[in-house]
Structures are given as structure tokens and as C-alpha cells.
Engineer: 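Dropping a structure here in C-alpha cells format, bear with me for questions.
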There are 2 protein chains.
Amino acid sequence: MHRLDESLLAPLPPFSFLERPQIRAILDRATSRRFDEGVSVFEEGAAANSFYLLLDGTIRVVKITPDGEQVTSLHIPAGQLFGIAPSLGRDTYPATAIAASELLTLCWPTSLWHSFVTDYPGFATETYKTVGNRVAEMNNRIVEMSTQHVEQRIARALLRLVKQSGKKTEIGIEIDFPITRQDVSEMTGTTLHTVSRLLSAWEKDGLVNSKRKKIIVCDPHRLVVLGGA
Amino acid sequence: MHRLDESLLAPLPPFSFLERPQIRAILDRATSRRFDEGVSVFEEGAAANSFYLLLDGTIRVVKITPDGEQVTSLHIPAGQLFGIAPSLGRDTYPATAIAASELLTLCWPTSLWHSFVTDYPGFATETYKTVGNRVAEMNNRIVEMSTQHVEQRIARALLRLVKQSGKKTEIGIEIDFPITRQDVSEMTGTTLHTVSRLLSAWEKDGLVNSKRKKIIVCDPHRLVVLGGA
DNA sequence: CCCGAACGTTGTTCTAGAGCAACCTTTGGC
DNA sequence: GCCAAAGGTTGCTCTAGAACAACGTTCGGG
């Protein structure tokens with residue numbers, strides 16, 4: 001394992017208040033791990049032995065129902081902590097984390113959580129801000145699912161992804177990881193058929209441009225309107 | 001304001017690790033407040049100036065959409081903290097808290113939050129466990145809304161309420177606060193009409209017994225089956 | 001005791017979107 | 001270069017449940 005550079009962590013919120021030696025200490029206790037696309041980092045219900053920092057790639061957080069259906073709760077972009085069950089007093093992961101693209105992560109044993117929180121100023125508060133944002137996002141999901149139609153939910157889902165993991169291209173903003181119709185349907189509680197139809201319609205209208213496993217949003221503004229101003 | 005007794009707080013999770021003098025200190029800094037049914041304790045988006053402990057009654061946590069629709073995210077039973085926005089680094093309440101019944105609360109200025117966390121062992125961890133449970137509940141809501149039919153969602157919603165705020169009676173377990181069809185529909189993302197129809201049907205089947213603003217679950221087991229084993 | 005508002009019921013209509021089905025397209029492994 | 005698997009499209013049917021509507025019932029305040 002080669003030595004990681006401090007500049008990797010220094011700009012990230014949970015570590016932004018720390019001095020170089022502290023970051024060094026954190027890095028020295030980290031294990032670096034790679035995951036292939038589609039592989040799961042941990043499974044719902046498993047003992048929460050580690051927590052992670054996502055260095056590169058995107059995580060899809062899913063729940064699997066007793067009858068095998070998948071529901072995507074959240075996407076986590078690079079630069080954020082994940083698998084931080086201990087922060088909410090859980091000793092087991094509440095959901096499964098799947099690599100939406102190839103991943104690069106750092107990983108610490110959960111036993112270190114407590115010392116991170118006490119030893120490193122700002123770590124706890126910044127981490128809880130992240131948790132707060134995720135909770136807020138989940139809350140929005142609930143409101144959307146209760147009040148909005150499929151078209152609006154899908155529009156918003158795409159906008160959220162674009163905002164979080166968008167990459168500028170000439171023709172629009174591209175979602176920066178492979179994503180299928182099925183994936184979108186699992187984010188919005190619909191079927192891949194409905195997503196496919198909508199995306200086709202939007203493509204005809206020049207709103208989006210999508211290929212196999214790729215979605216580019218060309219006209220975010222009109223999509224916002226569709227999502228319900 | 002009359003002096004509150006330490007035994008009020010001692011058994012509650014966030015305070016269960018504390019000595020009497022510490023609890024005394026906490027109580028001495030608390031303000032006790034009453035709220036009538038239907039009144040809101042705080043509103044979404046307002047500055048989070050206080051955090052609360054619910055001594056008696058039930059809180060309905062709602063979000064209101066731009067076009068005036070209400071969505072209930074959560075119910076909070078007596079004995080729990082609420083309005084704890086600061087725990088997730090927010091300076092504004094993420095939702096509105098409405099008194100589902102007459103309420104009795106204790107209330108502290110948010111400025112004390114930090115000292116509670118640092119001065120009182122177990123306070124932080126126990127509080128975050130509560131947050132964790134609420135997040136888990138929200139997660140379940142999302143999964144339910146994505147995969148289950150209205151009948152199952154309503155069945156589960158009732159079971160959740162009964163588990164959380166149930167009071168035994170001769171004919172079954174009663175939900176311990178006034179609750180209308182409309183309320184149930186706002187919890188499940190449906191209409192009061194659909195809820196009314198279902199409740200009528202269930203009543204005929206002897207599953208529930210409901211009057212105006214009252215719901216008694218007579219056969220929880222069969223309701224579990226309906227909710228999807 | 002009366003009246004109006006809040007709450008609840010029930011019937012009918014209508015449609016969004018699921019379900020089913022068939023087929024096309026891309027891709028990567030051998 | 002072929003072919004099987006994964007992903008995507010599109011048409012048709014059918015139904016859960018929303019929307020609309022009209023009418024009961026309970027309750028609390030003056």
C-alpha cells in the first residue's frame with residue numbers, strides 16, 4: 001500500500017479544521033480499497049465493522065425488500081463519508097452500498113470512530129451536517145412520493161443526480177456514472193418502462209440526450225419546470 | 001413555574017446515565033410549556049432557537065408543500081426529544097411540529113445544546129440513537145411508498161402508531177391521540193376517501209373499530225398479514 | 001337547543017401508470 | 001465474428017386509486 005497524500009483529505013469538510021499531522025495520523029490508520037462497478041461494499045444488516053470515505057466514484061445506497069425488489073434511497077458522491085452507522089448508534093448497516101461506478105475508498109475500523117469524534121475538532125459536527133443533508137434529502141423523497149406524479153419525480157431525480165454528480169459536456173450536463181432506466185425507476189418507485197417512455201419523449205423534445213447507461217441533461221431549466229416549480 | 005421532579009427525566013434514555021444533581025441542573029434550566037391540540041410548536045424553516053422534550057402527548061411532524069398539501073413524516077411519542085435540529089448541524093427546523101393532542105413539553109435554548117453534549121455522558125449517544133431510529137423509520141417509509149399498495153401502507157401505518165402510542169382497551173389497542181382519516185391519508189400519501197373506505201371495510205371484518213377521531217385496532221395480527229408478512 | 005363547521009361515508013367516473021408482451025440494440029466474452 | 005446477455009423501446013390492456021360529488025353524522029359554542 002503506497003503512502004497517501006494529506007492533500008487528499010485536507011479540503012473535505014470532516015477534516016477541514018485539522019492540522020497536517022492530524023490528517024497524517026488519520027491517513028496512516030486508513031486502508032485503501034478498490035471496488036468494481038456493481039460490487040457491494042457492505043450489505044444491509046451486516047455488522048458495521050468499518051466506515052468509509054469515498055475518494056472516487058459514486059455509491060448507490062439500496063434497500064432490498066423481502067420479495068427481492070430494490071429501492072434506491074440515496075446516491076453518495078465522491079468526497080463524502082459513508083457506512084457511518086456508528087454515528088447514529090447502530091452496530092449494523094441500515095442499507096446496502098453498491099458501487100455505481102468503479103470506486104476508490106478509504107476505510108477505517110469502526111472501533112476508531114469514537115476516537116475520531118473526540119480527538120478531531122470539527123469532525124463530529126461536519127459529519128453530522130452530512131447526515132443532516134441526507135436526512136433532508138430522504139424527507140424530500142417522502143414528500144415527493146406522496147404528492148408528485150411520476151413525471152415530476154423522475155425529473156427531480158435526474159436534477160438531483162446532475163447537481164450532485166454532474167459533468168459538463170458540450171451538449172449538456174452528464175450524469176457521471178453508468179445509470180440504467182431500471183436504476184432511475186428504483187430511485188423513483190416506478191418501472192423501467194415508464195422511465196424509458198418518458199426519457200424517449202424528453203429526448204424528442206431536446207430536454208435530455210441518453211444512450212445506453214448514460215444520461216445527459218441538456219435543458220435543466222425546462223426539467224425544473226416539469227418537476228414542479 | 002413550579003419545581004419539576006427529577007424522577008421525570010431519570011428513566012428517559014438521554015438522561016439515564018446521569019446522576020441526580022446533573023438532572024437537577026438540566027431541569028433548572030428548562031422551561032415548561034403547554035400546547036393545545038392542533039397548535040404548532042415550531043414551523044418548518046424557522047430559526048431553531050429551542051429544543052424540546054415531550055413529557056406528554058404526541059407530536060405530528062409535517063411538511064407542507066408549496067401548493068398547501070400536508071405530508072406527515074413522523075409521529076413522536078411522549079418521552080422523546082424533538083426539535084433537535086442542532087444535532088444535525090442545522091440552524092433551522094426541517095419540518096413543522098404540530099400537537100396531535102394536548103402537549104406538555106420541556107424546552108431549552110439551543111445555545112445549551114453544545115454544553116449538554118459535552119457535559120452529560122450518554123446524552124449525545126442516546127440522542128443519536130433516537131435520530132437513528134427516526135431515520136430508519138423514514139427509510140422504511142420510502143421503501144413502502146415505492147413498493148407497497150395503499151392497503152398495505154395504511155395497515156402498516158396503523159400498526160406503527162399502535163406500537164408507538166397504543167393503549168390497551170377491552171376490544172383492542174387504541175391509538176392514544178385524536179386521529180382523523182385525513183391524518184392517516186397524510187401519513188400514507190393517499191386521500192381521506194380511500195382511507196375511509198378501507199377502514200369501513202376493516203370494521204366490517206372486525207379488524208378495527210373506529211369512531212370519530214379514534215381508531216382501535218382489534219386484530220393486529222391480521223393487520224400485519226394485510227401489511228405484507 | 002340550534003346551527004354551522006368539522007369529520008365521515010359512499011357512489012360514480014376517469015386516468016396515470018403498472019403489467020404484460022414482443023421485439024430491437026449494444027456490448028463484451030470466447 | 002458470433003452470440004448470449006444486458007439494456008432499451010414501444011404497443012396494448014387493465015386496474016388501483018385519485019377525483020369529483022353528494023350526503024350523513026357528531027360536536028361544540030352561543
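Everything numeric in this text was worked out from a predicted model, so none of it was measured. Worth knowing before you read on, the calculation uses all heavy atoms, side chains too, and leaves out hydrogens, waters and symmetry mates. Here is the naming used below: chain letters follow the sequence lines, and residue numbers restart at 1 for every chain.
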Engineer: Does the plane of the ring in B/Phe42 sit parallel, tilted or perpendicular to the ring in B/Tyr93? Use 30° and 60° as the thresholds.
Structural biologist: parallel

Engineer: Could you state the atom-to-atom distance from CG of A/Leu198 to P of D/dT9 in whole Å?
Structural biologist: 11 Å

Engineer: If I take atom CE in residue A/Met145 and atom C1' in nucleotide C/dA18, what distance separates them, rounded to the nearest angstrom?
Structural biologist: 14 Å

Engineer: What class does the angle between the rings of B/Tyr52 and B/Phe35 fall in, given that below 30° is parallel, 30 to 60° is tilted and above 60° is perpendicular?
Structural biologist: perpendicular

Engineer: Evaluate side-chain hydrogen bond (donor to acceptor under 3.5 Å, both in side chains) for B/Gln80 paired with B/Arg134, printing each intermediate quantity in order.
Structural biologist: CA-CA 11 Å; B/Gln80 294 198 2; B/Arg134 291 187 196 161; 3.0 Å; yes

Engineer: Return the minimal non-hydrogen interatomic distance between B/Leu192 and B/Gln182, and the atom names on each side.
Structural biologist: CD2-OE1, 3.9 Å

Engineer: Less than 3.5 Å apart, any donor N or O on the side chain of A/Asn133 or A/Thr130 sitting next to an acceptor on the other?
Structural biologist: no

Engineer: Calculate the interatomic distance between B/His149 atom NE2 and C/dG17 atom P; express it in whole Å.
Structural biologist: 14 Å

Engineer: Between P on D/dA16 and CD1 on B/Ile154, what's the gap in Å once rounded to a whole number?
Structural biologist: 14 Å

Engineer: Just the atom pairs and distances: protein N or O near nucleotides 6-11 of chain C's N or O, under 3.5 Å.
Structural biologist:
unit_1: C/dA6; atom_1: N3; unit_2: B/Arg212; atom_2: NH2; d: 2.6
unit_1: C/dC7; atom_1: O4'; unit_2: B/Arg212; atom_2: NH2; d: 2.9
unit_1: C/dG8; atom_1: OP1; unit_2: B/Lys213; atom_2: N; d: 3.0
unit_1: C/dG8; atom_1: OP2; unit_2: B/Arg181; atom_2: N; d: 3.1
unit_1: C/dT9; atom_1: OP1; unit_2: B/Arg181; atom_2: NH2; d: 3.4
unit_1: C/dT9; atom_1: OP2; unit_2: B/Arg181; atom_2: NE; d: 2.8
unit_1: C/dT9; atom_1: OP2; unit_2: B/Arg181; atom_2: NH2; d: 3.3
unit_1: C/dT9; atom_1: OP2; unit_2: B/Ser196; atom_2: OG; d: 2.9
unit_1: C/dT10; atom_1: OP2; unit_2: B/Ser200; atom_2: OG; d: 3.3
unit_1: C/dT10; atom_1: O4; unit_2: B/His193; atom_2: ND1; d: 3.0
unit_1: C/dG11; atom_1: N7; unit_2: B/Arg197; atom_2: NH1; d: 2.9
unit_1: C/dG11; atom_1: O6; unit_2: B/Arg197; atom_2: NH2; d: 2.8

Engineer: Classify the ring geometry between A/His75 and A/Phe177 as parallel (under 30°), tilted (30 to 60°) or perpendicular (over 60°).
Structural biologist: parallel

Engineer: Rounded off to whole Å, could you give me the CH2-to-C1' distance for the A/Trp202 and D/dT9 pair?
Structural biologist: 16 Å

